[in-house]
Amino acid sequence: MKIVMLGAPGAGKGTQARMISEKFGIPQISTGDIFRANIRDNTELGQRAKSYMDQGLLVPDQVTCDLVVDRISKDDCAEGYILDGFPRTIPQAEALTKALEKTGSRIDFAIDVEVPDDHIVERMSGRRACPQCGETFHILYRKPVKDGICDHCGNELILRDDDHPDTVQKRLDVYHSQTQPLIEYYREQGVLHSIDGTREMDTVFADICAVLE
Ligand code: AP5
Ligand code: MG
């Protein structure tokens, strides 16, 4: 089962992708998490990605596509995967389609988590992320058991550098101009499913499961 998560920054792609991954036993591949891990480890890729991410801009397509095409060729992806935050541009989607065609496969589901812009800024300012495992919490909607500490690995939670309101607005602009056209792209492929992402996390998840099962 090969799944693409679509949706604006903060729509809940990561939250839902993690729940799908746990339920269906397939890996969640988040390009944002991969870039953040590289920034944390101060790799060349991390240094390159950071200069774009801090401005709310996209990392260049070639860098991102090579990374994902390599990642989905790994053994743990044999039964499928959830792409969270990729593709994000039409050229990325085309590169993915081409890479899959070579192995005779295709994306089975594109799940678009729909949340209007005015909800997003509030979600982002309340989000707290684990710099170690990438797990996300929210100060109101998904509190960690212990204030400010990741439930999974005990690390201190942080506000992501790109979650400050000015950068969030820039990311939303980039989403509308470069990523939203993917909704049409996957509709034309007959695999698009739109889900109302403004409801509670478990309700959103139940709707997604109904699509996948
Ligand atoms: P990335 O990390 O992918 O960020 P994003 O797309 O902006 O999405 P977010 O991770 O911010 O939001 P999300 O939809 O995962 O929401 P979440 O589940 O956390 O990318 C970051 C940057 O990396 C990009 O700007 C770009 O520079 C670069 N990049 C990444 N991929 C790239 C690519 N393919 N090409 C080029 N550049 C790339 O939820 C948000 C908050 O809301 C959380 O606090 C959560 O707890 C809460 N929440 C979730 N669901 C609900 C709900 N139903 N009700 C209430 N609260 C909820
Ligand atoms: Mg995310």
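Since the model is a prediction, treat every value here as computed from it, not as a measurement.
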Answer yes if [X] and [Y] sit in the same cluster of Ile, Leu, Val, Met, Phe, Trp and Tyr residues linked by side chain heavy atoms under 4.5 Å apart, and no otherwise.
X	Y	value
Val191	Ile90	yes
Ile3	Leu100	no
Leu159	Ile139	no
Ile39	Val59	yes
Met201	Phe137	no

Quiz item: Do Asp61 and Arg88 pass the side-chain contact (heavy atoms from CB on, under 4.5 Å) test, and can you show the C-alpha distance, the side-chain angles, and the key distance before you say yes or no?
Solution: CA-CA 9 Å; Asp61 284 342; Arg88 251 178 153 95; over 6 Å; no
Salt bridge or not for [X] and [Y], using N-O below 4.0 Å?
X	Y	value
Arg106	Glu101	no
Lys143	Asp147	no
Glu184	Arg187	yes
Arg127	Asp163	yes
Arg36	Asp33	yes
Glu200	Arg142	no
Glu213	Lys23	yes
Asp76	Lys74	no
Asp207	Arg199	yes
Asp161	Lys50	yes

Quiz item: Do other residues, nucleotides or ligands put more than 12 heavy atoms under 6.0 Å from the CD atom of Gln47?
Solution: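 Yes, CD of Gln47 has more than 12 neighbouring heavy atoms, counting only those of other groups under 6.0 Å.
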Counting C-beta onward and ignoring hydrogens, is there a side-chain heavy-atom pair between [X] and [Y] closer than 4.5 Å?
X	Y	answer
Ile208	Met19	no
Val68	Gln92	no
Pro27	Arg71	yes
Thr179	Thr89	no
Glu135	Arg18	yes

Quiz item: Going through the distances and angles, do Val211 and Ile111 end up as a side-chain contact (heavy atoms from CB on, under 4.5 Å)?
Solution: CA-CA 9 Å; Val211 167; Ile111 307 287; 4.0 Å; yes
Self-check item: Candidate pair Gln16 and Ile195, rule side-chain contact (heavy atoms from CB on, under 4.5 Å), full reasoning
Solution: CA-CA 11 Å; Gln16 297 298 330; Ile195 306 283; over 6 Å; no
For [X] and [Y], work out which heavy atoms get closest and say how close.
X	Y	answer
Tyr52	Leu58	CD2-O, 3.5 Å
Arg48	Pro60	NH2-CG, 4.2 Å
Val174	Gly56	CG2-O, 3.6 Å
Leu172	Ala8	CD2-CB, 4.1 Å
Ala17	Asp84	CB-CB, 4.0 Å
Ala110	Leu6	CB-CD1, 4.3 Å

Practice problem: Any chance you could lay out the side-chain hydrogen bond (donor to acceptor under 3.5 Å, both in side chains) test for Asp196 and Thr198, step after step, and finish with the verdict? | Solution: CA-CA 6 Å; Asp196 174 2; Thr198 60; 2.6 Å; yes
In Å and rounded to the nearest 0.5 Å, what is the [atom1] to [atom2] distance from [X] to [Y]?
X	Y	atom1	atom2	value
Phe35	Met53	CZ	CE	7.0 Å
Cys209	Asp202	SG	CG	10.0 Å
Ile149	Arg128	CD1	CZ	13.0 Å
Cys150	Leu157	SG	CG	6.0 Å
Leu83	Thr31	CG	OG1	8.0 Å
Phe86	Leu182	CZ	CG	9.5 Å

Quiz item: Can you list the steps and then say if Met124 with Arg171 is a side-chain contact (heavy atoms from CB on, under 4.5 Å)?
Solution: CA-CA 11 Å; Met124 299 302 224; Arg171 285 161 63 199; 3.3 Å; yes
Quiz item: Does a donor on one side chain and an acceptor on the other come within less than 3.5 Å for Asp162 and Thr167?
Solution: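 The answer is no; no qualifying pair exists.
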Practice problem: Any pair with a residue in residues 141-200 that passes ring-ring contact (aromatic ring centres under 6.0 Å, His included), sequence neighbours left out, goes on the list, sorted by first then second residue, please. | Solution: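 Sorted pair list: Phe109-His193, His138-Tyr141.
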Practice problem: With Val4 as reference, evaluate Ile107, Asp112, Asp108 under the side-chain contact (heavy atoms from CB on, under 4.5 Å) test and give the passing residue. | Solution: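 That would be Ile107.
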Practice problem: Give a yes or no on whether the backbone of Ser51 and the side-chain of Gln55 come within a donor-acceptor separation of less than 3.5 Å. | Solution: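 Yes; judged by distance alone, with no hydrogens or angles, the pair exists.
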